[in-house]
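Okay, so here's the structure we're looking at.
In this chain, residues are counted from 1 in sequence order.
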Amino acid sequence: MPPPNLTSLLLLFIILSALATMRSDSAAGAVAVNWGTTASHPLPPAKVVELLKSNNITKVKLFDADPLALQALSGSNIAVTVGIPNSMLKTFNSSMKAAQSWVHDNVTRYFSSSGGTGVRIEYVAVGYEPFHISYGEQFRPFVIGAVTNIQTALTKANLAGDVKVVVPCSFDTFQSESSLPSKGHFRPELNKTMIELLAFLSKRHSPFFVTISPFISFRSNKNISLDFALFKETAHSHNDSHEKYKNYKNSFDLSYDTLVTALSTVGFPEMDIVVAQIGWPTDGAANATSSTAETFMKGLIDHLHSKSGTPLRPRKPPLETYIFSLLDEDQRSTATGNFERHWGVFTFDGQAKYHLNFGQNAKILVNAQNVEYLPSRWCVVNNNKDLSNATASALEACSSADCSALSPGGSCFNLSWPGNISYAFNSYYQQHDQTPNSCNFGGLGLITTVDPSVNNCRFSVELRISHSTLLYRSYLFQLMILLTANAFVCILIFT
């Protein structure tokens, strides 16, 4: 029998080991959400926070440092990631003073380590996928400098021990020409920057934030079947003979291990990974439906909660996984596809699209309550008028409104002419707060109180938002134009 002091030490060791395991299990595989605000009539931030709390969502990632969102999150005890837009990276790269000012205004002002009356800010995300291949060299040269200055600003504000700096990376940051994880690597032009970034993260025990997109992989890779993307057991598995015959049963594991190999190749095999964005859209493209999204999300959540990990990281799931997205956003860029405006688990007005268990034993999502809408009015085409110029009017409406549901495979794609014209007119009318002149279209528009929705094609009525919110959003919109000088035009053919 061991002496008493040794017995005590053994008991203490067992207790500490158990506590460590409990902490690890509770943290690993945490499921969170992204909250985007690129909407013409966003759900009020207070309603969004109610939605998060009622669905037991304890972590949220913002794409900026929206003061209205941060004010609403104050005292909620929800862990928050605040974002810095790509348009600010050049400034922060060259100006320590600008970095300090941003940290003071957007982190220090709101921060509270325990929640309290403040915000539990966990991460500052520097840039939004600044390495995306479509950006070329537009942002990459400024990332490391911006990261370094933001980190220094946090240190000077005595927040470096509480708030970690990360850089969300796009799904195309890493690749494998053979589609095999064992051949995974970062894009060659990114190698130097990636090694610098990973050294920065490793030194501070910060995770690597990355987007994984089985939906886009399915659309762009003929070797990825729909069943494989949806975690279905009937899917044909992929074998990686170069990696001791590792067997892959779903697209998520395949992409994740491709990243693991890329990290190992540049010398960071143990780097923690946070899946910063993953989801499945519900409209705007073929296979983008609520039922398909539900299948994908259930498969993903079950996989994460099983803590089985992946073939290259067994029993080690992502540190955290942020579902993309909480709500639909009708002003998101459609450069990648019209489905970009339909990633939400909830519709723009906070209504659940399907059943989902976020892991809190609540398999039915709770909808936003007491949502305020504009009056039950719609704008449709006046069939008693000469409609020879109606298509031109609809195209003009869609250049600023959201007509993504009319895309091939979309929920309103099967609307016959002139029903699709009415959809375009109504989208424009709702976006402009149902003002009478926004349903003119050269006399072709007609305001009605009869809902023109057909089957799954929903003619929406927009949310009523406060005057102060409208002014604030207008200011942000103008600022965005000044900072980025970018615009896009939606092109839609009506036949």
Handout entry: Lys/Arg N to Asp/Glu carboxylate O, R332 vs E340, below 4.0 Å
Key = yes

Please work out whether the ring planes of [X] and [Y] are parallel, tilted or perpendicular, with thresholds of 30° and 60°.
{"X": "Y322", "Y": "F209", "answer": "tilted"}
{"X": "Y135", "Y": "F139", "answer": "perpendicular"}
{"X": "W343", "Y": "F339", "answer": "perpendicular"}
{"X": "F231", "Y": "F252", "answer": "tilted"}
{"X": "H132", "Y": "F171", "answer": "perpendicular"}

For residues [X] and [Y], is any side-chain donor paired with an opposing acceptor at under 3.5 Å?
{"X": "T289", "Y": "T292", "value": "yes"}
{"X": "E177", "Y": "H185", "value": "yes"}
{"X": "D162", "Y": "S113", "value": "no"}

Exercise for the section: Kindly say whether G337 contributes a backbone atom to a donor-acceptor pair with the side chain of T334 at under 3.5 angstrom? Expected result: no

Handout entry: S306 side chain vs H303 backbone, donor-acceptor pair below 3.5 Å
Key = yes

Handout entry: Crowding at NZ, K90 (>12 non-hydrogen neighbours, <6.0 Å)
Key = no

Handout entry: Exceeds 12 heavy-atom contacts within 6.0 angstrom, atom CG of N456
Key = no

Handout entry: Ring centres under 6.0 angstrom apart (F92, F142)
Key = no

